Amino acid sequence: MPKNKVDILLVGAGVMSATLGTLLARLDPSLKIVMVERLNTVAHESTHSLNNAGTGHAGYCELNYTPQNADGSIEIKRALAINAGFEVSLQFWSYLVENHVLPEPHQFINPIPHQNFVWGDKDVAFLRKRFELLSKHHLFKEMEYSEDPAVLRKWMPLVMSHRDPGQTVAATQVKHGSDIDFGSLTRHMVKSLKKHSNFELLLGHSIENLKQQSNGRWKVSVKERHTDALKTLDAGFVFLGAGGGALPLLQKSGLPESKGYGGFPVSGQWLICKNPEIVKRHHTKVYGKAPSGSPPMSVPHLDARIIDGQPALIFGPYAGFTTKFLKEGSIFDLFGSMKAGNLKPMMNVALDNLDLTRYLIKGGMQSHKERVASLAQFYADAKEDEWSLASAGHRVQIIKYCADKGGKLEFGTEIIASKDGTLASLLGASPGASISVLAMLEVIERCFKKQFKAAEWQHKLKEMIPSYGESLDDNETLLNAVRHRTRTTLGLDQRNTKHKD
Ligand SMILES: Cc1cc2nc3c(=O)[nH]c(=O)nc-3n(C[C@H](O)[C@H](O)[C@H](O)COP(=O)(O)OP(=O)(O)OC[C@H]3O[C@@H](n4cnc5c(N)ncnc54)[C@H](O)[C@@H]3O)c2cc1C
């Protein structure tokens with residue numbers, strides 16, 4: 001094959017491209033794969049440890065995955081699907097650990113209880129009802145619930161310390177939650193890919209344009225950012241795993257499937273604890289309820305984290321208004337993404353979400369004192385000088401055409417694939433990295449239809465993900481077997497000895 005001709009072009013070196021590359025290289029080691037990343041480092045945008053919360057999203061503590069309807073009923077469908085989806089990731093990572101592609105699991109995943117904490121009669125009633133619904137299902141059978149302050153003091157001592165004893169409070173807990181350093185996970189997957197002679201990583205190169213040729217292949221122009229030198233790649237399949245940069249590239253591809261999509265960028269910030277003595281006192285992820293009127297991505301949480309092997313304590317995120325799609329993007333990103341095909345949905349969403357925009361503008365202008373005051377709802381003794389502000393990166397929410405309103409804002413993740421299976425892209429940010437394996441399996445299923453059906457690929461998929469093709473949602477025996485293996489292999493049953501007082 002000529003040097004510039006590749007089977008697979010992965011755009012971006014985040015968790016999505018790394019996962020797809022790893023899956024494809026295992027399914028067919030003869031594939032020639034090139035990964036192109038505009039930055040000089042792997043996993044430096046949303047996948048970077050500080051640009052996400054590192055929560056292994058399983059629906060245990062994310063209250064926005066179980067929305068409440070106007071009649072008071074609670075939907076649990078999304079939480080069940082995300083939980084089962086996360087189990088797929090755990091199986092693949094277990095396989096990679098067993099096959100020495102990934103290192104000792106504590107280098108990228110650590111066990112940590114996932115908890116909810118709410119106060120006030122209304123939110124306590126919501127949490128109780130949510131617990132009753134979820135804990136009946138085998139996926140959530142280990143969930144615990146309590147309104148007893150004495151129990152809560154054991155579960156989350158920092159949150160309960162100096163709390164008004166008259167306050168009505170409630171909490172749930174799932175002990176086998178996880179904290180994931182997605183940056184480390186991704187760097188290890190890419191490091192392993194680099195050992196294959198069929199894989200090449202181009203750092204500091206950006207994809208500038210792409211055009212489909214009459215033979216179905218893609219002619220892609222790549223710029224070396226340091227020198228501005230341009231080169232052309234000829235790719236059989238292109239994955240736009242460019243995170244916030246995916247939408248502009250999808251638009252450049254001219255695919256009819258990209259019409260009607262727009263992006264709504266949101267910036268995020270964390271408060272990071274500077275006092276190691278406080279860090280030592282908190283060992284869980286405690287998610288609250290988003291204040292009424294605020295967007296799902298601003299659900300506040302107090303997170304014990306392990307980043308690069310070191311314990312950390314983080315609170316947030318504080319969502320803010322931005323027009324940039326990437327951390328080092330341009331303030332014109334949002335305006336540049338407005339095209340004839342998505343103008344109507346984008347204008348409709350802008351008009352429909354004036355409150356959200358106002359909320360984000362106000363959020364971005366909060367003072368340190370105001371931010372620490374919202375932290376104090378979770379940690380009453382929080383002091384301004386013990387916390388510093390850090391960027392949590394950007395996420396681009398999906399704007400999509402819809403017949404009734406002309407356009408709607410979505411908070412999930414979506415795969416857009418061309419009919420001929422030569423290009424796929426991932427838009428949106430939640431539940432994000434946690435379901436990267438399921439998302440990339442969808443890409444393979446939709447874009448490699450013939451190979452996917454072949455016995456060889458089916459056999460390999462089953463080897464990598466034993467539950468593949470079966471429903472963990474319906475099959476409790478299978479779930480138990482799967483969890484026994486993943487928890488043992490990934491060390492998720494052990495207590496986190498690194499993070500004790
Ligand atoms: C505040 C926040 C909290 C989050 N918390 C969680 C969480 O707790 N758990 C969870 O599972 N997920 C979480 N997420 C979501 C998760 O971070 C993302 O879903 C995931 O990292 C996306 O990975 P990616 O590979 O698609 O994108 P990225 O990691 O952003 O990678 C895309 C890469 O493409 C590169 N790129 C862009 N344009 C080009 C171009 N033209 N040419 C070449 N390269 C290009 C970028 O430089 C970047 O490196 C969170 C996100 C945010 C913003």
Side-chain angles (χ1 to χ4, degrees), residues 49-50 52-56 60-63 106-107 109-119 127 143-181 269-289 299-318 368-390 392 491-501:
S49 327
L50 275 181
N52 58 73
T55 303
Y60 297 136
C61 55
E62 305 82 355
L63 296 180
H106 69 81
Q107 292 189 37
I109 188 166
N110 283 285
I112 192 162
H114 281 195
Q115 302 172 333
N116 283 117
F117 176 73
V118 297
W119 56 90
L127 195 68
M143 184 177 264
E144 301 168 81
Y145 174 85
S146 181
E147 292 174 23
D148 180 351
V151 173
L152 267 56
R153 270 194 290 279
K154 283 196 189 124
W155 286 1
M156 47 185 84
L158 197 74
V159 172
M160 290 305 287
S161 101
H162 296 140
R163 188 161 285 279
D164 171 6
Q167 195 180 35
T168 318
V169 290
T172 55
Q173 165 166 277
V174 175
K175 286 196 188 112
H176 62 260
S178 54
D179 177 65
I180 302 169
D181 185 336
Q269 285 173 311
W270 307 115
L271 281 182
I272 302 190
C273 185
K274 295 189 282 186
N275 183 343
E277 292 311 310
I278 300 169
V279 177
K280 274 191 209 161
R281 289 170 56 202
H282 187 69
H283 314 296
T284 62
K285 281 178 183 276
V286 185
Y287 274 57
K289 199 162 189 301
V299 174
H301 42 97
L302 185 63
D303 274 322
R305 302 276 313 268
I306 307 282
I307 298 176
D308 294 331
Q310 296 306 313
L313 180 57
I314 291 176
F315 181 76
Y318 298 90
H368 188 58
K369 193 175 173 179
E370 285 170 312
R371 291 195 170 107
V372 174
S374 49
L375 161 64
Q377 295 183 308
F378 286 80
Y379 169 41
D381 299 334
K383 292 191 182 62
E384 284 173 43
D385 60 350
E386 287 178 328
W387 297 78
S388 57
L389 198 63
L492 296 178
D493 271 337
Q494 298 154 18
R495 272 198 57 80
N496 191 355
T497 48
K498 284 189 166 43
H499 205 213
K500 274 188 187 164
D501 278 321

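Just so it is clear, the values below take in all heavy atoms, side chains as well, and ignore hydrogens, waters and symmetry mates. Residue numbers run from 1 in the order of the sequence given. Computed from a predicted structure; not experimentally measured.
- Under a 3.5 Å cut-off, the side chain of His162 and the backbone N or O of Asp381 do not form any donor-acceptor pair.
- Contact of the Met156 side chain with the His283 side chain is not registered, since no non-hydrogen atoms from C-beta on lie closer than 4.5 Å.
- One finds the CD1 atom of Ile306 at 6.5 Å from the CG atom of Asp179 (value rounded to the nearest 0.5 Å).
- For Thr55, the side-chain hydrogen bond (donor to acceptor under 3.5 Å, both in side chains) partners are Lys285, Tyr287, not counting sequence neighbours.
- Between Gln377 and Pro300, every side-chain heavy-atom pair lies at or beyond the 4.5 Å cut-off.
- Listed by first and then second residue, the salt bridge (charged side-chain N to carboxylate O under 4.0 Å, His left out) pairs involving residues 307-317 are Arg187-Asp308 (not counting sequence neighbours).
- Formation of a donor-acceptor pair under 3.5 Å by the His368 side chain with backbone atoms of Glu370 is not found in this model.
- Once rounded to the nearest 0.5 Å, the distance linking CG of Leu271 with OG of Ser374 reads 7.0 Å.
- Considering every non-hydrogen atom in both Glu277 and Asn275, the closest pair reads N-OD1, 2.8 Å.
- Residues Gln115 and Thr172 fail the side-chain proximity criterion, which asks for heavy atoms closer than 4.5 Å.
- The SG atom of Cys61 sits 8.5 Å away from atom CE of Met143, with the distance rounded to the nearest 0.5 Å.
- Applying the ring pair (Phe, Tyr, Trp, His ring centres under 6.0 Å) test to Trp155 and every residue at least two apart in sequence or in another chain returns nothing.
- For residues 161-171, no pair satisfies salt bridge (charged side-chain N to carboxylate O under 4.0 Å, His left out), with sequence neighbours left out.
- Residues forming a salt bridge (charged side-chain N to carboxylate O under 4.0 Å, His left out) with Glu384 (at least two apart in sequence, or on another chain): none.
- Nearest heavy-atom pair across Gly288 and Phe378 is CA-CZ, 3.7 Å.
- Contact detail for Pro111 and Gly491: the closest heavy-atom pair is CG-O, 3.6 Å.
- In this structure a side-chain-to-backbone donor-acceptor pair under 3.5 Å is present from Arg305 to Ala53.
- Considering CZ of Arg281 and SG of Cys273, their distance stands at 9.5 Å, rounded to 0.5 Å.
- Of all heavy-atom pairs between Leu313 and Ala304, the closest is CD1-N, 4.2 Å.
- Applying the side chain to side chain contact (heavy atoms under 4.5 Å, CB included) test to Lys289 and every residue at least two apart in sequence or in another chain returns Leu63, Val118, Asp123, Phe126.
- A heavy-atom distance below 4.5 Å is found between the side chains of Leu152 and Ser146.
- For Pro276, the side chain to side chain contact (heavy atoms under 4.5 Å, CB included) criterion is met by no residue, not counting sequence neighbours.
- With sequence neighbours excluded, the residues forming a side chain to side chain contact (heavy atoms under 4.5 Å, CB included) with Lys383 are Asp385, Glu386, listed by chain and number.
- Nearest approach of Ala382 to Leu375, heavy atoms of both residues: CB-CD2, 3.6 Å.
- Under the 4.5 Å side-chain criterion, counting only non-hydrogen atoms from C-beta, Tyr379 is in contact with Ile278.
- Side chains of His176 and Tyr60: a donor-acceptor N/O pair is present below 3.5 angstrom, by distance only.
- Aromatic ring pairs are classed by plane angle as parallel below 30°, tilted from 30° to 60° and perpendicular above 60°; the pair Phe117 and Trp119 is tilted.
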side-chain contact (heavy atoms from CB on, under 4.5 Å) evaluation trace for Asp303 with Thr284: CA-CA 6 Å; Asp303 274 322; Thr284 62; over 6 Å; no

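- Residues passing the side-chain hydrogen bond (donor to acceptor under 3.5 Å, both in side chains) test with Ser388: none are found, sequence neighbours excluded.
- Judged as a side chain to side chain contact (heavy atoms under 4.5 Å, CB included), and not counting sequence neighbours, the contacts of Glu147 are Val124, Arg128, Tyr145, Ala170.
- Gln310 is linked by a side-chain hydrogen bond (donor to acceptor under 3.5 Å, both in side chains) to nothing, counting only residues two or more places apart in sequence or in another chain.
- Within the model, atoms CD1 of Ile314 and OG of Ser49 stand 9.0 Å from one another, a figure rounded to the nearest 0.5 Å.
- For Lys274, the NZ atom is densely surrounded, since the number of other residues' heavy atoms within 6.0 Å is greater than 12.
- Side-chain contact check for Met160 versus Pro149: some heavy-atom pair is nearer than 4.5 Å.
- In this structure, CG on Asn110 lies 11.0 Å from CD1 on Ile307, to the nearest 0.5 angstrom.
- Under the side-chain hydrogen bond (donor to acceptor under 3.5 Å, both in side chains) criterion, Asp148 pairs with no residue at all, not counting sequence neighbours.
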